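The structure appears right after this line, and notes come after that.
A quick note: this is a predicted structure, and the numbers were derived from the prediction, not measured. So you know, we letter chains A, B, ... as the sequences are listed, proteins then strands, and number each from 1.
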There are 2 protein chains.
Amino acid sequence: MKRPTIADVARAAQVSPASVSRFLNGVEGNLAPATADRIARVIQDLGYRPNAWARSLKTQRSGLVAAVVADLSNAYVPAVLEGVETTINKAGLSLLVGNARNDPRQEDRLIERLIDQRVEGLLLQPCSIHVSPVLASVLEQQIPVVLLDRILEGAESPLNLVALDNAAALQQANDHLLGQGYRQLLYVTEPTREASSRREREAAVIENRKRWYAAEIFTYRDKRSTSLVRKIMQMRSTAIEEPLAILCSNSKTALFVVRSLSEAGVQVPQDIGLMTIDDPEWAAYVFGGITAIGQPTVELGRQGAQSLLAQMSRGTEVRPRQVRLGGILKARQSTSR
Amino acid sequence: MKRPTIADVARAAQVSPASVSRFLNGVEGNLAPATADRIARVIQDLGYRPNAWARSLKTQRSGLVAAVVADLSNAYVPAVLEGVETTINKAGLSLLVGNARNDPRQEDRLIERLIDQRVEGLLLQPCSIHVSPVLASVLEQQIPVVLLDRILEGAESPLNLVALDNAAALQQANDHLLGQGYRQLLYVTEPTREASSRREREAAVIENRKRWYAAEIFTYRDKRSTSLVRKIMQMRSTAIEEPLAILCSNSKTALFVVRSLSEAGVQVPQDIGLMTIDDPEWAAYVFGGITAIGQPTVELGRQGAQSLLAQMSRGTEVRPRQVRLGGILKARQSTSR
DNA sequence: TTGAAAGCGCTAACAG
DNA sequence: CTGTTAGCGCTTTCAA
């Protein structure tokens with residue numbers, strides 16, 4: 001039971017394949033209503049569906065767009081993908097998804113495979129900070145690319161980007177915490193080497209350093225919480241008990257900190273203030289509510305996809321657009337003194 | 001700057017396209033080492049990559065697999081997709097993702113589009129309970145399908161499935177709560193009409209009904225928490241104050257309940273017990289820890305994908321496999337009296 | 001071990 | 001308004 005081809009339809013409807021094709025594509029030189037009807041009926045009867053491969057081969061369009069993300073297990077990512085998927089589908093295209101699992105080699109492999117599938121565009125949340133040879137060749141082939149969430153260094157020309165305005169978000173966070181009367185800051189982050197967003201956030205923390213009595217950065221590499229707790233104890237033991245707040249670089253970090261504090265029995269906000277960049281669904285319910293800077297995740301995906309679609313239709317020639325979206329401060333219990 | 005074709009390679013290497021094709025596919029009738037080397041070099045130089053469309057047209061294989069999910073915004077779903085994606089990629093295939101947003105019409109549209117892309121298999125978490133005409137035609141075409149998380153009624157033969165053993169999970173939950181001394185149960189669920197998993201869970205609750213002093217079911221349809229709170233108050237006002245526990249049908253429900261309880265100032269576990277099916281990352285940190293039945297989400301995706309791959313290679317003829325995975329009880333503060 | 005040639009299913013000139 | 005024809009880039013007999 002092979003699927004019917006355009007030729008089968010043509011034969012059954014007593015017309016040429018060309019006419020069927022015209023019908024399918026709603027082409028200019030309109031068909032006689034009678035012919036069209038006949039074709040329509042046959043298509044219906046046979047359950048004919050055009051073969052995307054053959055069409056692609058001819059038209060050089062696949063109807064496929066790819067999204068390669070750094071880590072699907074970070075809730076931020078599926079939220080962004082939601083915006084991407086919706087937009088891509090509205091445009092009549094289909095979305096291929098690749099999860100690099102924070103491994104640049106895996107990322108390369110995925111990109112290569114997806115390009116081989118002849119995707120018409122690539123949305124990328126890179127898990128490395130520089131342009132890999134594979135990505136370079138993608139760019140060279142003029143395949144539209146839009147970066148999500150993270151920038152890339154060493155591209156010949158800056159790539160299209162949609163991301164959080166990290167500098168502004170951290171400014172907001174610092175303002176809020178200082179405004180609440182905190183005088184010491186402990187910024188907790190995952191290693192910052194490979195993700196530009198983390199770098200930008202950390203840079204902003206450093207920039208705001210002088211505003212604090214003390215501001216330190218804690219980078220966590222494993223799940224163990226002991227050294228973080230030790231760090232906290234150390235900062236809290238200042239002679240003049242300056243109030244201390246923890247700021248988390250993202251929701252994954254926040255989860256780690258929440259776990260650490262819970263295990264150590266540290267009270268929030270009594271003993272310590274807590275705030276995070278990124279506002280996961282649970283933030284409002286832990287410790288009576290954790291103050292957060294929410295990201296417009298779905299919107300970010302939407303805009304990324306739109307930017308890609310624009311490039312796909314207008315060509316890669318358009319000058320690159322760097323969109324920076326603002327975060328939204330949600331003040332909650334965890335930073336109220 | 002068009003991409004080089006097999007003909008370009010053939011010309012540059014002074015061989016026939018057929019030989020290049022042989023080289024590419026590592027075919028039996030081995031090439032002379034010298035020829036192979038020459039071809040290899042040219043491919044390298046030209047940066048040649050085979051055209052998937054042309055290959056598909058000829059081989060009738062696309063290298064594409066699709067996953068259509070009910071709702072990407074439920075954290076359970078991306079977790080399952082993670083397992084799916086990994087497995088599919090390991091098999092050298094690419095994954096197309098569609099998000100039906102709980103809309104059966106959208107689901108149909110997605111399936112149709114993906115089938116038009118000639119995917120070789122479909123993983124489906126249906127957002128309806130019965131086989132739509134579109135899906136029926138997919139099955140009729142012998143395209144391998146595996147259901148994730150939810151079953152479908154009215155299929156001619158039962159479809160392959162990987163899902164939680166809902167009956168067992170709810171048995172476990174009931175046992176645990178009764179063991180903790182609770183005597184009244186309030187089961188909170190989203191509307192159960194369209195998702196078989198919800199139906200199964202609700203059915204299990206009903207089955208366990210006699211074990212309770214009172215067991216009621218609360219279906220929430222909107223975000224407003226007032227009627228839930230009223231219900232709770234009503235159940236708590238029994239003459240002989242039988243201890244009450246809430247059981248949530250999944251993590252989305254749990255989030256709703258947590259919000260409602262927080263807003264109403266109900267204390268957990270002092271005033272009421274709380275438990276949920278599905279163990280989201282935040283469960284351990286809200287109300288000092290919410291007791292949950294964890295689902296093997298990633299594993300579920302992995303097994304679903306494997307089941308699909310099996311069907312794809314051995315043909316749809318294989319007898320359908322219904323895999324039911326067990327949940328894992330995580331006892332926490334919220335149900336300790 | 002290699003090449004020639006046919007064709008997968010479709011579209012897009014070009015005629016008519 | 002409609003049909004004929006020539007490929008899109010690849011694989012795969014069949015011959016050499």
Among all residues two or more places apart in sequence or in another chain, which pass the side-chain contact (heavy atoms from CB on, under 4.5 Å) test with B:Ala12? B:Val42
Between A:Arg302 and A:Glu299 (salt bridge meaning N to carboxylate O under 4.0 Å), is one present in this structure? yes
Are side-chain heavy atoms of A:Arg41 and A:Asp37 found at a separation under 4.5 Å? yes
I'd like to check the salt bridge (Lys or Arg N to Asp or Glu O under 4.0 Å) partners of [X]; sequence neighbours left out, ordered by chain and number.
X        : result
B:Arg199 : B:Glu153
A:Asp116 : B:Arg49
A:Asp8   : A:Arg11

With heavy atoms under 4.0 Å as the rule, sort B:Thr35 into base, sugar-phosphate or nothing. sugar-phosphate
Write down the atom of B:Ala70, the atom of B:Arg150, and the distance for their closest heavy-atom approach. CB-NH1, 3.7 Å
Shortest non-hydrogen contact from B:Val323 to B:Arg321? CG2-NH2, 3.6 Å
Nearest-angstrom distance from the residue atom [atom1] of [X] to [atom2] of [N]:
X       : N     : atom1 : atom2 : value
B:Arg38 : C:dT2 : CZ    : C1'   : 11 Å
B:Phe23 : C:dT2 : CZ    : P     : 12 Å
B:Arg11 : C:dG3 : CZ    : P     : 14 Å
B:Ile39 : C:dT1 : CD1   : P     : 13 Å

Can you tabulate the close N/O pairs, meaning under 3.5 Å, that link protein atoms to atoms of nucleotides 7-11 of chain C?
| residue | atom | partner | partner atom | Å |
| --- | --- | --- | --- | --- |
| C:dG7 | N2 | B:Lys58 | NZ | 2.9 |
| C:dG7 | N3 | B:Lys58 | NZ | 3.1 |
| C:dG9 | OP1 | A:Lys2 | NZ | 3.2 |
| C:dG9 | N2 | A:Ala54 | O | 3.3 |
| C:dC10 | OP1 | A:Tyr48 | OH | 2.3 |
| C:dC10 | OP1 | A:Asn51 | N | 3.0 |
| C:dC10 | OP2 | A:Ile6 | N | 2.2 |
| C:dT11 | OP1 | A:Asn25 | ND2 | 3.3 |
| C:dT11 | OP1 | A:Arg55 | NE | 2.8 |
| C:dT11 | OP1 | A:Arg55 | NH2 | 3.2 |
| C:dT11 | OP2 | A:Ser21 | OG | 2.9 |
| C:dT11 | O2 | A:Lys58 | NZ | 3.4 |

Rounding to the nearest 10°, end axes of the helix from C:dT1-D:dA16 to C:dG16-D:dC1 built from five pairs each make an angle of 40°
